[in-house]
Amino acid sequence: MEDASHNDLSAEEAELYRIRHSLAHVLAQAVLELRPGTTLGFGPPIADGFYYDFVLSEPLTEAELPELEKKMKHIIKRGQKFEREDLPAQEAFRLIGEDMQEPYKLEYARELVEKNGLETLSFYKNGPFLDMCEGPHVDSTRQLPAGAFKLRSIAGAYWRGNSDNVQMTRIYAWAYKTPEELQARIKEHKLALANDHKKLGRDLDIFHIDDEIGKGLPLWLPNGTVIRDELEKLARELEFKDGYERVVTPQLAKVGLYYRTGHLPYYANGMFPFLELKERHEVEGGEVEEVVEQYALKPMNCPHHHKIFAARPRSYRDLPLRLAEYGNCYRYEESGALSGLLRVRGMCMNDAHIYCTEEQIGDEFKKVMDLHRRVYEILGLQDNYWMRLSTWDPDDPKGKDKYVDMPEAWEASTRHIRAAMDEIGMPYREVKGEGAFYGPKIDVQFRTVTGREETASTNQLDFCVPARLGLVYTNANDEEVHPWVLHRAPLGTHERFVAFLIEHYGGAFPTWLAPEQVRVMPVAAPFAGYAQKLVDELRSDFVRARPDLSADTLNKRIRTAQTSKIPNTLVVGEREEQDGSVTLRRYGSREQESMPFEEFRARLRKAIATRAMVLD
RNA sequence: GCCCAGAUAGCUCAGUCGGUAGAGCAGCGGUUUCGUAAACCGCAGGUCGCAGGUUCAAGUCCUGUUCUGGGCUCCA
């Protein structure tokens with residue numbers, strides 16, 4: 001969720017901000033009535049409403065949300081005035097700490113005074129409810145639209161987003177100016193859920209997750225595998241044209257490798273526990289077991305690719321060297337983070353590493369971004385994503401653990417990326433503290449149907465690991481120099497990318513990607529032979545075609561084809577068999593179009609070869 | 001990992017006060033079926049996530065556990 005900052009809002013947005021912010025206070029007031037002794041955290045407006053965090057005296061369940069809503073509506077009706085009062089710091093501390101007994105608010109108040117240099121703190125009081133708050137608020141609770149908000153869910157949230165802190169209970173709410181806007185949001189939410197990749201993944205037989213295999217370890221069903229294969233084929237073609245060479249590396253490596261690259265110990269909690277090979281030794285008085293080798297499931301492909309780079313002496317003439325692999329990786333994600341295909345423990349990454357000189361970085365970075373642009377264009381992804389320049393945060397207190405301590409290199413590499421992005425004319429937003437430990441990157445961020453933001457693709461600049469691994473090439477002056485490395489994955493991982501595509505297309509894939517591209521159905525049994533013949537012809541073109549010879553009525557079979565979101569349905573009967581034609585019905589359209597089979601075949605071939613979004 | 005909530009047939013869901021399990025769709029069988037979103041009849045399908053406990057009796061109550069969902073942290 002994004003916090004809405006109040007500073008640069010239009011008048012319209014500012015009013016909504018006041019409403020949401022004020023409703024948050026009303027919610028807190030209602031919670032205090034229902035659970036006296038509750039202490040307060042933060043309660044800001046967010047993109048579609050607001051939330052408030054509490055440390056509750058007694059747990060609250062979602063079943064109690066309607067009761068809270070009712071209390072809020074009573075408060076609104078009472079028309080409590082919001083009154084502001086500014087107090088000098090010391091007086092404010094006393095009020096919050098002693099009178100209000102709000103330890104978390106007090107912590108924040110001290111921070112505002114001590115770190116941000118505030119001299120006074122502002123408070124808002126409405127009815128019996130007093131809260132330290134910057135405001136602004138509406139004048140009276142009566143101005144709040146009682147029918148335009150809805151308490152949505154209860155969630156856990158750490159105080160100040162830090163898992164070392166106490167976990168609070170967060171109540172999320174939708175809030176708008178009018179009941180119509182709220183209803184529209186609720187409707188939109190329901191529609192979005194219909195496109196949820198977990199639902200469609202099951203309905204369309206794309207993937208399955210089985211307890212006995214393990215959580216976060218999806219099984220790809222035949223339909224899902226087709227989609228993966230097509231994406232891989234696309235990547236192979238584009239990467240071939242851009243001068244990549246394909247490699248294959250094992251799923252395991254000895255643990256020592258990751259210490260050398262620097263992934264360990266920092267990344268240890270992101271890896272599966274190691275596999276240990278043991279040997280028994282006779283000693284006096286018995287036997288001891290000794291671990292002789294430790295292997296890790298690879299959490300990323302880069303160390304393996306680096307070893308390929310290091311396997312031969314490299315000259316500047318070999319650069320840029322571009323090594324590509326759809327590589328399987330395993331990461332030990334926290335169980336609570338796992339979600340369908342979006343967040344998994346086993347994944348297959350559209351990975352490649354580009355080894356180049358510092359002079360080549362700009363061009364290589366731009367080429368990767370251009371490859372990225374082509375991929376997104378082919379897939380018809382236009383505006384539901386944004387690019388994030390993820391950099392380090394030198395002020396992060398944990399920065400020493402999070403980023404390699406090479407300030408000049410961070411600055412230089414970030415400049416390289418900015419320059420490349422500006423030259424290629426791609427808009428991006430710079431965000432501190434999201435960089436990899438070894439360098440800055442461009443991440444492509446998208447939102448899932450449920451509103452969560454995820455990274456789909458990434459292009460990372462690494463100025464650090466090659467030196468750690470001692471990777472060198474010989475330059476024109478016969479000196480050994482560390483290469484720079486780009487880690488890039490325009491198609492991300494199959495898991496997350498396919499999840500993204502399922503939701504983006506609502507399960508209705510373009511013909512080239514669709515698991516079943518053409519379904520052929522005879523209007524009645526006597527034409528089954530003709531239908532089968534067409535299927536055979538199409539399959540000889542490597543088209544994924546299937547006949548529907550079931551005993552269902554034509555209406556039923558059409559319906560089945562449509563709910564299965566098959567892009568092209570051919571209906572054939574006496575007329576078609578007579579003149580060797582087909583009648584085409586496309587997914588989502590009620591119109592039909594008759595044409596000679598050979599014409600359909602040619603159009604289909606073209607659509608697939610060009611990866612067209614629709615059949616011309 | 002943590003907080004909250006769930007888990008009943010392949011899917012979507014019902015199951016009252018604790019009294020021994022139900023529907024629709026999908027599947028299977030049969031009948032029917034010649035033109036674009038659900039023909040008709042029948043059959044089968046369940047250790048009610050799993051393990052304990054309370055009880056004469058547990059899908060229902062209690063405890064533990066596994067998994068899922070919504071969040072937080074983390075992240076492709």
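Lettering of chains follows the sequences in order, A, B, ..., and the numbering in each one begins at 1.
Interface remark: the A:Y158 side chain does form a donor-acceptor pair with the B:rG1 base, using a distance-only criterion of under 3.5 Å. In the interface, the side chain of A:T493 is paired with the base of B:rA76 through a donor and an acceptor atom under 3.5 Å apart.
Taken residue by residue, residues 559-585 of chain A places heavy atoms nearer than 4.0 Å to RNA chain B at A:R559, A:Q562, A:T563, A:V571, A:G573, A:E574, A:R575, A:E576, A:T583, A:R585.
The interatomic distance linking A:E454 (CD) with B:rC74 (C1') rounds to 11 Å, in whole Å. Taking atom NZ of A:K215 as the reference point, atom C1' of B:rG69 lies 13 Å away to the nearest angstrom. Rounded to whole Å, atom C1' of B:rA76 lies 17 Å from atom CZ of A:R447. The distance between atom NZ of A:K556 and atom P of B:rU36, rounded to the nearest whole Å, is 17 Å. The separation between A:L219 atom CG and B:rG10 atom P is 17 Å, rounded to whole Å. One interatomic measurement links the two molecules: CG of A:D548 to C1' of B:rA38, which rounds to 14 Å at whole-angstrom precision.
The separation of B:rA5 from B:rU63, taken at their P atoms, amounts to 12 Å, rounded to a whole angstrom. B:rC3 sits 27 Å from B:rC48 when the C1' atoms are compared, rounded to a whole Å.
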With sugar-phosphate taken as primed atoms, P, OP1 and OP2 and all else as base, the protein-contact string of nucleotides 41-49 of chain B at under 4.0 Å (heavy atoms; B, S, -) is ---------
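Look at A:R557 and A:D552 and you find no salt bridge, because none of the NZ, NE, NH1 or NH2 atoms lies under 4.0 Å from a carboxylate O. Ion pairing between A:E599 and A:R603 holds under the 4.0 Å rule for side-chain N and carboxylate O. Between A:E495 and A:R228 there is a salt bridge, with a side-chain nitrogen of the basic residue lying less than 4.0 Å from a carboxylate oxygen of the acidic one. A salt bridge is defined here as a Lys NZ or Arg NE, NH1 or NH2 lying under 4.0 Å from an Asp or Glu carboxylate O, and A:D370 with A:R373 meets this definition. Salt-bridge formation is not detected for the pair A:E239/A:R322: no Lys NZ or Arg NE/NH1/NH2 atom is positioned less than 4.0 Å from an Asp or Glu carboxylate oxygen. Taking 4.0 Å as the cut-off between side-chain N and carboxylate O, A:E188 and A:R185 count as a salt-bridged pair.
Of the two residues contacting RNA chain B, namely A:R452 and A:E434, the nearest-nucleotide position lying further toward the 5' end is that of A:R452. Projected onto RNA chain B by closest heavy-atom contact, A:R202 and A:E495 fall at different nucleotides, the more 5' of which corresponds to A:R202.
Using a 4.0 Å heavy-atom criterion, one finds that A:A337 contacts the bases of the nucleic acid, with or without backbone contacts as well. Within 4.0 Å (heavy atoms only), A:Q592 reaches at least one base atom of the nucleic acid. Base engagement by A:G336 is indicated by at least one non-hydrogen atom pair under 4.0 Å involving a base atom. Contacts of A:K441 with the nucleic acid, taken as non-hydrogen atoms under 4.0 Å apart, involve only primed sugar atoms and P, OP1 or OP2. Among the heavy atoms of the strands lying under 4.0 Å from A:A155 is at least one base atom, whether or not backbone atoms are also near. Looking at heavy-atom distances under 4.0 Å, A:F497 makes no contact with the nucleic acid at all. Nucleic acid contact class of A:G340 (heavy atoms, under 4.0 Å, all strands): sugar-phosphate only. Within 4.0 Å (heavy atoms only), A:M349 reaches no atom of the nucleic acid at all. Nucleic acid contact for A:T455: sugar-phosphate only, since backbone atoms but no base atoms lie under 4.0 Å from a heavy atom of the residue.
By the 4.5 Å heavy-atom criterion applied to side chains, A:E454 and A:F500 are not counted as neighbours. The side-chain heavy atoms of A:L238 and A:Y244, taken from C-beta on, include no pair separated by under 4.5 Å.
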Original post:
Where do A:F50 and A:Y52 land on the ring-ring contact (aromatic ring centres under 6.0 Å, His included) test, with the steps shown first?
Top reply: CA-CA 7 Å; A:F50 61 91; A:Y52 213 116; 8.5 Å; no
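Comparing B:rG70, B:rG35, B:rA37 by their closest approach to the side chain of A:V523 singles out B:rG35.
Look at A:Y172 and you'll find a side-chain N or O under 4.0 angstrom from OP1 or OP2 of B:rC72. The phosphate of B:rG1 (OP1 or OP2) has a side-chain N or O of A:S335 nearer than 4.0 angstrom. Using a 4.0 Å cut-off, no side-chain N or O of A:K298 falls inside it from OP1 or OP2 of B:rA76. Remark: A:R170 is not in phosphate contact with B:rC4, judged by side-chain N or O atoms under 4.0 Å from OP1 or OP2.
At least one donor-acceptor pair under 3.5 Å links the side chain of A:R20 to the backbone N or O of A:A175.
With A:Y330 as the aromatic partner, A:R345 does not meet the cation-pi criteria of under 6.0 angstrom to the ring centre and within 45 degrees of the ring axis.
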Intra- and inter-strand pairing of RNA chain B, written as dot-bracket with Watson-Crick and G-U pairs under 3.5 Å and | for the latter, reads (((((((..((((.....[..)))).(((((.......))))).....(((((..]....))))))))))))....
